[in-house]
Amino acid sequence: MGKSTGVSGGRGGSQHLHWRNFFSNGVLGGTVPIAVGMALAEKIQGRSSIAINFLGDGTMGEGVVYESINMASLWSVPILFVVENNRIAQTTPVELNLAGDIPSRFTAFGIKTTVLDSSDAIEIGSTAQQMMVEVRNESAPQSLVINTHRFGPHSKGDDTRDEDQIRAIRNSRDPIPLLAKSLTVEKIDSINEEVEDEVLKAFQAAVDDPFPEILT
Ligand SMILES: Cc1ncc(C[n+]2csc(CCOP(=O)(O)OP(=O)(O)O)c2C)c(N)n1
Ligand SMILES: [Mg+2]
């Protein structure tokens, strides 16, 4: 909503977000060289921080991805690449835009790669945690390729898939009901209440907070 208390001080738009140590970029692949550079800076300055870079299957055709992962491997940069492979890039299925497979793109550069076929946040979290420990301790890149699903359009109601197909994958792979299975009804109700409250507060703050000052 462009408010001064929001991401990027209200100036970033919906794609270019900066919030604490989170950055996003509307240009596919645009985050990859930046994340590799940030991780390299951490290494050079002798800190133990690592960078985590999230990519979609639709980013795999961008040349800058390969320049960047080449450097990450060559210079042994502490970065974890996480590829969210939901087999569709906005409106284009992977069959029409991706030759070969995704893990080989990383192993070709000597980057240790793990593939998960999961919507289970606990499973993904514990695998990622282990990989982050290794990336930090060994100061070397790794990649985590997660085969997953998209339950709606990329952004603007432009999904090209069949509604029945989407409903079927949502019924079997939605991570929220999967997680809820391990909780009591009381716990689920209290989480729902907490979330509702947080969303309402955030909405009200966004309405009430001031716009940023105009720079002259
Ligand atoms: C360099 C560049 N080319 C094209 C686009 C337009 N575009 C926005 S999203 C997208 C596809 C993204 O695919 P994926 O990362 O798989 O995201 P998903 O559809 O799964 O959400 C494209 C081509 C862009 N943002 N940047
Ligand atoms: Mg995708």
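All values derive from a computational prediction rather than experimental measurement. Ligands are counted one by one from 1 in listed order, and the atoms in each one are counted from 1 as well.
Using a distance-only test at 3.5 Å, with no hydrogens or angles considered, a donor-acceptor pair links the side chain of Ser190 to the main chain of Lys187. Judged by distance alone, the side chain of Ser8 and the main-chain N or O of His18 form a donor-acceptor pair under 3.5 Å. Without hydrogens or angle criteria, Arg161 side chain to Arg150 main chain gives a donor-acceptor distance under 3.5 Å. Using a distance-only test at 3.5 Å, with no hydrogens or angles considered, no donor-acceptor pair links the side chain of Arg47 to the main chain of Glu42. For the pair Ser24 (side chain) and Gln15 (backbone), a donor-acceptor distance under 3.5 Å is present. His154 places no side-chain N or O within donor-acceptor distance of the main-chain N or O of Ala89, the cut-off being under 3.5 Å. Using modelled atom types, no side-chain atom of Lys43 and backbone atom of Val77 make a donor-acceptor pair closer than 3.5 Å. The backbone N or O of Phe81 lies less than 3.5 Å from no partner atom in the side chain of Asn53, so there is not a single donor-acceptor pair. No donor-acceptor pair closer than 3.5 Å links the side chain of Ser73 to the backbone N or O of Ile69.
Ion pairing between a basic and an acidic side chain is recognised when a charged N comes within 4.0 Å of a carboxylate O; Glu138 and Lys112 show no such pairing.
Each of Leu28, Val27, Val64, Thr31 was checked for a side-chain contact (heavy atoms from CB on, under 4.5 Å) with Thr59, and the lone residue meeting it is Leu28.
Distances from the Mg ion (ligand 2) under 2.8 Å pick out these protein N/O/S atoms: Asp57 OD1, Asn86 OD1, Ile88 O.
From the protein, the heavy atom lying nearest to atom 15 (O) of ligand 1 is Gly56 CA, 3.3 Å. From the protein, the heavy atom lying nearest to atom 20 (O) of ligand 1 is Asn86 ND2, 2.7 Å. In terms of protein heavy-atom proximity, atom 13 (O) of ligand 1 is closest to Ala89 CA, 3.3 Å. Atom 14 (P) of ligand 1 has its closest protein heavy atom at Gly58 N, 3.5 Å. The single protein non-hydrogen atom nearest to atom 22 (C) of ligand 1 is Gln90 OE1, 3.3 Å, given as residue, atom name and distance. Among protein heavy atoms, atom 23 (C) of ligand 1 sits closest to Leu28 CD1, 3.5 Å. In this structure, the protein non-hydrogen atom closest to atom 25 (N) of ligand 1 is Gly26 O, 2.8 Å. Regarding atom 18 (P) of ligand 1, its nearest protein heavy-atom neighbour is His154 ND1, 3.3 Å.
Heavy-atom contacts of Asp57 reach the following atoms of ligand 1: 16 (O) (cutoff under 4.0 Å). The distance from ligand 1 to the heavy atoms of Val27 drops below 4.0 Å at these ligand atoms: 1 (C), 26 (N). Of all atoms in ligand 1, numbered sequentially from 1 with element shown, those under 4.0 Å from a heavy atom of Glu62 are 1 (C).
Looking only at atom types and distance, the side chain of Ser143 has a donor-acceptor partner in the side chain of Thr113 under 3.5 Å away.
Residue-level proximity to ligand 1 for Ile88 is carried by the backbone, the only part with a heavy atom below 4.0 angstrom. Heavy atoms of Arg150 found under 4.0 angstrom from ligand 1 belong exclusively to the side chain.
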